[in-house]
Amino acid sequence: MAATSIFSSYRQGENRVTSTMLAVFERIGIGLVERIIAAAVGEASLEMVTYTNQPSSGGRGTPDAEIHASVRYLIETKMTANAISRDQLRRHLDRLNGSYADERLLVITPDPEEPQSIADLGDQ
């Protein structure tokens, strides 16, 4: 399988950041990716990982990326503070249907504190 180019063709800034992040993950080795994801979620065991930009199938809304194996982690990236929408998060969370051992939505923002829209969801 050919690796994704590190030179993203997406126009929207957050999609360029996410695409580049996934391209780097593909190149640095699964061991380091496991450590990065483990630090983000508190624990992780990734095997035979697939990285997908803009996964469009599987439900309403299109997250910026998906990391898929025995776990499924959706990623939503924002480049400005207070830019995350509760409705957008809810659409992404609705895609997590329990068919994987561990399913999570990872939100990457420049916010110094948890955005209120995330706290309002009341979802771990």
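Because the structure is a prediction, the values reported are computed rather than measured.
A donor-acceptor pair under 3.5 Å links the side-chain atoms of Asp64 to the main chain of Thr77, judged by distance alone.
Cluster annotation: Leu96 is connected to Ile84 through the hydrophobic network of ILVMFWY side chains, with a link wherever side-chain heavy atoms come within less than 4.5 Å. Under the 4.5 Å side-chain contact rule for hydrophobic residues, Val107 and Met79 do not share a cluster. Hydrophobic clustering keeps Val17 apart from Ile75 (ILVMFWY residues linked when any side-chain heavy atoms are closer than 4.5 Å, directly or through intermediates). Cluster annotation: Tyr100 and Tyr51 are assigned to distinct hydrophobic clusters (Ile/Leu/Val/Met/Phe/Trp/Tyr, side-chain heavy-atom contacts under 4.5 Å, transitive). Clustering ILVMFWY residues whenever any of their side-chain heavy atoms sit less than 4.5 angstrom apart, transitively, puts Val24 in the very cluster that holds Tyr73.
Between Ile108 and Lys78, the closest side-chain pair of non-hydrogen atoms is not below 4.5 Å. By the 4.5 Å heavy-atom criterion applied to side chains, Glu76 and Glu14 are counted as neighbours. The shortest distance between side-chain heavy atoms of Arg95 and Pro55 falls below 4.5 Å. The shortest side-chain heavy-atom distance between Ile28 and Ile36 falls under the 4.5 Å cut-off. At least one side-chain heavy atom of Leu22 sits under 4.5 Å from a side-chain heavy atom of Ile67. Contact of the Leu89 side chain with the Leu105 side chain is registered, since non-hydrogen atoms from C-beta on lie closer than 4.5 Å.
Put simply, CG on Asp94 and CZ on Arg90 are 6.0 Å apart, with the number rounded to the nearest 0.5 Å.
Here the closest heavy-atom approach between residue Ala81 and residue Pro110 is recorded as N-CG, 3.6 Å. Residues His92 and Leu74 come closest through the heavy atom pair O-CD1, 3.6 Å.
Remark: Arg72 engages Glu66 in a salt bridge (Lys or Arg N to Asp or Glu O under 4.0 Å) (not counting sequence neighbours).
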Legend entry - Stepwise side chain to side chain contact (heavy atoms under 4.5 Å, CB included) check, Asn53 with Asn15: CA-CA 8 Å; Asn53 280 304; Asn15 295 334; over 6 Å; no
Legend entry - Test log, rule side chain to side chain donor-acceptor pair (under 3.5 Å), inputs Ser99 and Asn97: CA-CA 6 Å; Ser99 59; Asn97 59 13; 2.7 Å; yes
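No more than 12 heavy atoms of other residues, nucleotides or ligands sit less than 6.0 Å from atom CD of Glu113.
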